[in-house]
Every structure is written in C-alpha cells, then in structure tokens.
2 protein chains.
Amino acid sequence: MNEFNEYFKSAFTVDNVILGFDEGDMKVLLIKRGEEPYKGKWALPGYFVYPNEDLDAAAKRVLDELTGLRNVYLEQVKTFGTVNRHPFGRVITVAYFSLIKISDYAIQASSIAQKAKWHSVARVKDLAFDHNEILDACFNRLKWLIRSRPVGFELLPPKFTLTELQHLYEAILETELDKRNFRKKILSMNLLIDLDETQEGVAHRPARLYQFDKEKYEEFLAEGFSFELKESKKKEKPSFKKASPSFP
Amino acid sequence: MNEFNEYFKSAFTVDNVILGFDEGDMKVLLIKRGEEPYKGKWALPGYFVYPNEDLDAAAKRVLDELTGLRNVYLEQVKTFGTVNRHPFGRVITVAYFSLIKISDYAIQASSIAQKAKWHSVARVKDLAFDHNEILDACFNRLKWLIRSRPVGFELLPPKFTLTELQHLYEAILETELDKRNFRKKILSMNLLIDLDETQEGVAHRPARLYQFDKEKYEEFLAEGFSFELKESKKKEKPSFKKASPSFP
DNA sequence: AACCAGTAGTGTATAGTTTACACTAATTCC
DNA sequence: GGAATTAGTGTAAACTATACACTACTGGTT
C-alpha cells in the first residue's frame, strides 16, 4: 500500500457531547482548554482515537475518564471533517453524544476532569474549534430521539415524579407541554412503574414517584415501537391552518 | 504537535451508497474490485479523502466520477472505523448515500466507471470489506427519510404517475400500501403538479402524469413539516391490539 | 363492433388519536 | 385554620387513519 502513504497523514478524534439534566435545564459537560490551540476556551471533551481502538471504544474511554461512568447511553451522531477545522493539521472528528444522570456523576481525579464543568446548553457559546456546530448537531439529534423513544430515563434519577419527567421533556424540546395530555400519553405507554411512594419534605401536595420499567422498555425497543409528542398549542399563532401533515 | 505524530498514521475514505429506482426495485451502484484486497468482489464506490478536501466534497467527487451527476441528494449517514475493517491499515470511512434518477445516469468513460453495475438492493450479498453493513445502514436511513420527507422525486423521472410513485414507496418501505389512502395522503400535501397529460402507448387506461412542485417543496422543508405513512394492514396478524404508540 | 384484459381512478363510514381546557386534593408553613 | 403551592384528574370536539370495491378508460383480439 506504499502508493497510498500520502493519505495516511491525517488524525482522527472523537468528541463527546455529554448531556445531563439538572435544575430544570439541559446541561453539557465542557472542558476548559489548558493548551493551544484555543487555550482558555471551553471545548467538548475529546481525544485522538488510538491506533488499535474502535471508534465506539474511544468515545467510551473519553466518557469514562471524565465521569467514571460506563454503560450509559452513547450514540454516534455525525463526523466533522472540514479541511481547516483544526489549526495544527487535518483532523477529522467523530461526534458522539451520551446521556447521563447528573446524580451519578462524581468529578474524577484525572487532571483533565478537574477542568470539566457543566454548562447550560442554551447558554453555551463561543466554544473552541467547530464545537458549537457539533453541540448543535448532537442536541438536535436528542430532540429527535426524545420524540420517538423513551430515552428520558437515562437522564433522571431512579425515582422521579411525572412533573420532573415533563420538565425534562420541555427542556429538551424547548417548548411547553399540556400536563394532562402529557400524563395520558406517558402512562398509556405502560413503561412506568408506580412505586406507591410519594415525595417527602415538600411544601405542597407531594407527588407520586415512578420508576422506568426496563423490561417493558426492552420489549418496546425490540418491537420497534415509536411515539410522537406534540407541543401544546396554547398561545400559538392563531388559526394556523394545519396543512395535512403527511406525505409520501 | 510533534507529540501527536503517532496519531497521524491513519487514512480516511468516503464510501457512497448510490441508490436508484428501476423496474419497480431499489438499485445500488457497485464496483467490481480489480485489485487486492477483495479482488473480484463487489464493493461500494469510494476513495481516500484528499488532504485538502472536505468530506462532503470527497463524496461528491466519487459520485461525479462515477455517474457524471452533480446537485443530487447526498447525505452523510455514519462513520465506520473498526480497527481491522481494512486489511492494509487503519482506515476509517465515512458513509454517504445519494439518490439519483437512473434515467439521468449514463456510464462514464473512466476506468472505474466501466466496472460499475446496478444491483438490486434486496439481493446484494457478500460485498467487500464491511460494505454490507454500510449498505444496510444507508438503506435504513432512506427508509426513515422517506417516511418523513418527500424525497421520492429524487429517484423518479420528471414526469411520473401516482402508481409509479406508490411502487417506489413500496420498494423502499418493503411493504404494501393502500392505493386510495396513499393517493389521498400524497395529494393532500399539495406537492404535486397535475400536468393534465396522460401516459401514451400503454395497453390499458392511461394514467395521469404528475411533476413535483419544487417551490412548495422548499416551503415544506423551510417550515419543518413532516408526515407519516403507514402500511396497509391487509393480511396482517389479525387483531394485533395496537398498544398506544406514543411515549415521552 | 363487441368483447376482453389490464390498470386508473374514486368515496365513505368507523375507529382511533390529539387537542383544549379548569377545577379539586394534599401537603407545609405561618 | 387559612394561605400558598404543586399534584392530580376527565371529557367533548376536531382531526387523522384505516378498511374496503366498484366503475372508467385504453389497446388488443376476434
């Protein structure tokens, strides 16, 4: 393969958009860069893919080093390879996103992890490299995903209330949902276990606690089920005549 | 960046799943390999990405060299980077798919194009490298895409009948659709122009010809519309109680 | 000219889904 | 005991999806 040697001069990396949900808000874990290029800027965690390492394994390694978490939701989203995206050479990066429970996250000892901090996704700007674009692509993928699969529980603690779940959906979809319709839809999926427990120590009527039903969720995935969630139309442009929403 | 030189030893390529529709069947354009590795096997068209070339540009180049076509539907799908996917070294490939009108395709003079041939997607097997997996990923993406966006016209000649359109959908979705419901849904989208012409030289009642309305399609894309198509349930498992198809 | 073969084209009733919307219930705090 | 705060609940109307079968038009055959 000597004739092709000139093509073996590029590097590839993975960048990981690690998402969590906290304080009613979607958060992304960013690293403050300690070196050039973009020294001092915030960036997505990522690293070179080792020569004998699969792509997915590299993404898991980056996640593990930073958060200590394994077996979390991780999905490849898109590859970014503009010629000049890295000032030091041709570097192609494969973007992944992962969903973690912030309650499980504990800051790691590694020097890189010391520089990590959660940022509200909505307020992130001016990241290093083309990382704004990567973050957008991953967050949009999550928006699509949450409408078709119940991935919400990846982001919530084991026990949660329906209101918390709804707030999560609203944060991801950046919209408001109707409480009654949301509950009807969620409960009709039969993917929640009613724990027959309630919140404690809140200064109002305590909410029931639920748990995701992992077995039923496996069935759901196996059968290729999907669902749709639509936003509440309260206070929308009035009388927008919905053109028939389907085509071939 | 000398410390990172060891990472600049891999190559990356693009592979392009070029899809067309002919004789009621989805087709993919494959190349018979003339060299090792996998000499004599069929493979997806692809090539190294040049050092100063963007990924999308590389995919367009591969497509152009093979078909002479530009400005066709082209979309990045997924990146494949298993360590040993290429026997000669670490090669990561970014998979793209494109949709072309086979009627526009004319075999090109280049030596590579001489080795190209259309194959029925359903009957493809035993491709070189991991190309079966890549083809599957791209075809599945198309299946998803066709349910949510009217990309069908990318695959049909400028004038077509509703039955041709329906057959295209059935070929992609690998299912049967109800004629009346299909037509209702399609026409309700208002994306077709009735040309007030009919087929000629057919030994049966001639069908009306339609054209896609590109302007309305642009609006459709801009407004983020989507649609769903469901398969006919004729002859399905009887009385399958549709568990509520939605969740958060 | 009559008929046959073959595909095009059309409507309706039913079931299911989505939407909009407002009040009562349970708890803490004062 | 009352105020504050969030939890929890049902229904009617509009819309969408589905199942289903016959007539219309053309070319070819006799």
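All of these numbers come straight from a predicted model, not from anything done at the bench. Throughout, protein chains are lettered first and strands after them, A, B, ... in sequence-line order, and every chain is numbered starting at 1.
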- Task: Establish whether the base of C:dT17 is bridged to the side chain of A:K184 by a donor-acceptor pair shorter than 3.5 Å.
- Result: no

- Item | Nearest-Å distance for atom pair CD/P, residues B:E200 and C:dT7 | 19 Å

- Item | For atom NZ of B:K185 and atom C1' of D:dC15, their distance in whole Å | 12 Å

- B:D22 bridged to B:K27 by N-O distance under 4.0 Å: no

- Item | Atom-pair distance (CD on B:Q166; C1' on C:dG9), nearest Å | 12 Å

- Message: Using whole Å, what does the distance between atom C1' of nucleotide D:dT11 and atom CG of A:N181 come to?
- Response: 11 Å

- Using the test salt bridge (charged side-chain N to carboxylate O under 4.0 Å, His left out), find all partners of B:K159 that sit at least two apart in sequence or belong to another chain. B:E197

- Message: In this structure, how many angstroms lie between the P atom of C:dT19 and the CG atom of A:L177, rounded?
- Response: 10 Å

- Message: Tell me if a side-chain donor or acceptor on B:H131 pairs with a main-chain N or O of B:A43 at a distance below 3.5 Å.
- Response: no

- Between A:E215 and A:Y217: side-chain donor-acceptor atoms closer than 3.5 Å: no

Filtered N/O pairs between nucleotides 6-9 of chain D and protein, under 3.5 Å:
from: D:dA7; atom 1: OP1; to: A:T163; atom 2: OG1; distance (Å): 3.1
from: D:dA7; atom 1: OP2; to: A:T163; atom 2: OG1; distance (Å): 3.2
from: D:dA7; atom 1: N3; to: A:R205; atom 2: NH1; distance (Å): 3.3
from: D:dG8; atom 1: OP1; to: A:R208; atom 2: N; distance (Å): 2.7
from: D:dG8; atom 1: OP2; to: A:R183; atom 2: NH1; distance (Å): 3.1
from: D:dG8; atom 1: OP2; to: A:R183; atom 2: NH2; distance (Å): 3.4
from: D:dG8; atom 1: N7; to: A:K179; atom 2: NZ; distance (Å): 2.6
from: D:dG8; atom 1: O6; to: A:K179; atom 2: NZ; distance (Å): 3.4

- Rounded to the Å, how far apart are B:D194 CG and C:dA8 C1'? 13 Å

- Task: Grab the CG-P distance between A:D178 and D:dG10 for me, whole Å please.
- Result: 15 Å

- B:R123 with B:D25: basic N within carboxylate O range, under 4.0 Å: yes

- Evaluate the side-chain hydrogen bond (donor to acceptor under 3.5 Å, both in side chains) criterion for residues A:R183 and A:S188: first the C-alpha distance (whole Å), next the side-chain angles of each, then the deciding distance (0.1 Å), finally the verdict. CA-CA 8 Å; A:R183 286 166 182 240; A:S188 75; over 6 Å; no

